[in-house]
Amino acid sequence: MKLPIYEISKIKDNRIYIKREDLIPFSFGGNKARKALLFLKEIEKGNYDCIVTYGSSSSNHCRIISNMAAMKNLPCCIISPLEIQKVTYNSCMMELFGAEIVYANIENVYDTIQQKLTELTCKGYTPYFIPGGGHGNLGTQAYIECYEEIVEYEKENNIKFDYIFFASGTGTTHAGLVCGKLLHQNSGKIVGISIARKNPRGREIVINSINEYLKSVNRSLPQEVIEEATIFEDRYIVSGYGKKNEHIIETIKEMIVRYGIPMDSTYTGKAFCGMKEYITDCELHNRNILFIHTGGTPLFFDDLYTFSEDNND
Ligand SMILES: *Cc1c(COP(=O)(O)O)cnc(C)c1O
């Protein structure tokens, strides 16, 4: 895939570039689309005939997986937390794609998934299970490929990115980018802006994903090298998943007005805003900085509705 990378503005005297993963040409794109394309290959290779996955009503992952299932005429079942049932553009699309939604209390999610897989197997299906958010080695692989596109851009344009920023959630995108950096022995820093998880747990999950991936391809690297390369920044999560403040809202408005780039308050807007604060807080100067736009366009429209309301929560 060759997605646009281009320079937008300067922040202080730093040059800011953006990579538009949101323009991947399937179901509004984004990192979940990049991961889904690898899952689809596995599904077709293994002759699976239905898909089970997990995520909430606002999940970009579930929208894309249910779209892919509908396109391939495969039944799709989404296990969804009872606690988060808000109607969103993503949930409307899941319905449109005919996904079966099974609600479960968060603590019963694992059991509900197992039950569903057993039930489908008993009915004669061969279900393919995709972890929430496309977490796992295939998701990591997808973001090594993204990193390789960045390396290609650097070579073609004779530039080196000193920093790469993006929204880090389940940590799979983060793990892939760090694996890419380590396998290419590049010096640029990869900074995941956490959108929900705190340290030390959030960072440990990324490190575990990196180790798991390297093991699966029979590679090993010293732990201290992996540790040093994994920067998980938890200062900009506001008060948790999906929570926003006025800086994030201002960032989203500015990005669409000045550049025509849609962002959202859960992922990309929060991460871009976090990056701006990081640049100030860490006094970055005269650097080449790349922001990876990881998608989530339907969430931009969910946010747009709330901009005219007084209550921004
Ligand atoms: C899921 C998601 C992320 C986080 O990706 P992970 O691989 O889960 O860390 C970032 N941005 C958007 C738009 C997402 O949907």
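Order of listing sets the numbers, starting from 1, for every ligand and every atom in it. None of these values were measured; they are calculated from a predicted model. Side chains are part of it too, since the values below use all heavy atoms of this structure and drop only hydrogens, waters and symmetry mates.
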Quick one: do [X] and [Y] make a salt bridge, cutoff under 4.0 Å?
X: K276; Y: E254; result: yes
X: K19; Y: E149; result: yes
X: K215; Y: E212; result: no
X: E152; Y: K155; result: no
X: K12; Y: E283; result: no

Quiz item: Going by heavy atoms, is G30 under 4.0 Å from ligand 1?
Solution: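 G30 does not count as a contact of ligand 1 under the 4.0 Å cut-off.
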Self-check item: Non-hydrogen atom of K32 closer than 4.0 Å to ligand 1
Solution: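 Checking ligand 1 against K32, which is what was asked, there is a heavy-atom contact under 4.0 Å.
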Exercise. Determine whether the side chain, the backbone, both or neither of E21 has a heavy atom under 4.0 Å from any heavy atom of ligand 1.
Key: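 Looking at E21 and ligand 1, no heavy atom falls under 4.0 Å.
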Quiz item: Does ligand 1 have a heavy atom under 4.0 Å from the side chain of H61, from its backbone, from both, or from neither?
Solution: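 H61 to ligand 1: no contact under 4.0 Å from either part.
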N/O to N/O below 3.5 Å, does that happen between [X] and ligand 1?
X: Y267; result: no
X: T170; result: yes
X: G295; result: no
X: G169; result: yes

Quiz item: Are a donor atom and an acceptor atom from the side chains of S265 and D303 found within less than 3.5 Å of each other?
Solution: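 Judged by distance alone, the side chains do pair up.
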Identify, by atom number and element, the atoms of ligand 1 in contact range of [X], meaning under 4.0 Å from any of its heavy atoms.
X: N60; value: 13 (C), 14 (C), 15 (O)
X: K35; value: 6 (P), 7 (O), 8 (O)
X: G296; value: 13 (C)
X: A167; value: 4 (C), 10 (C)
X: S168; value: 9 (O)
X: T173; value: 5 (O), 6 (P), 7 (O)
X: T172; value: 7 (O), 9 (O)

Quiz item: Would you find more than 12 non-hydrogen atoms of other residues, nucleotides or ligands less than 6.0 Å from Y143 atom OH?
Solution: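 Yes, because the 6.0 Å sphere around OH of Y143 holds more than 12 heavy atoms from other groups.
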Practice problem: Identify which of I205, N31, I64 has a heavy atom lying nearest to atom 5 (O) of ligand 1. | Solution: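 Minimum heavy-atom distance to atom 5 (O) of ligand 1 goes to N31.
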Quiz prompt | Residues in side chain to side chain donor-acceptor pair (under 3.5 Å) contact with E83, at least two apart in sequence or another chain | solution =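 E83: no side chain to side chain donor-acceptor pair (under 3.5 Å) contacts found.
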Self-check item: I237 to S194 - nearest heavy-atom pair and separation
Solution: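 Where I237 meets S194 most closely, the heavy atoms are CG2-O, 3.0 Å.
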Exercise. Please state whether the rings of H293 and F291 are parallel, tilted or perpendicular, taking 30° and 60° as the class boundaries.
Key: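 The arrangement is perpendicular - the two ring planes meet at more than 60°.
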Quiz prompt | Aromatic plane relationship, F161 with Y153 - under 30° parallel, 30 to 60° tilted, over 60° perpendicular | solution =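 Ring orientation of Y153 relative to F161: parallel.
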Self-check item: Identity and separation of the nearest protein heavy atom to atom 11 (N) of ligand 1
Solution: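 Of the protein heavy atoms, T294 OG1, 2.6 Å lies nearest.
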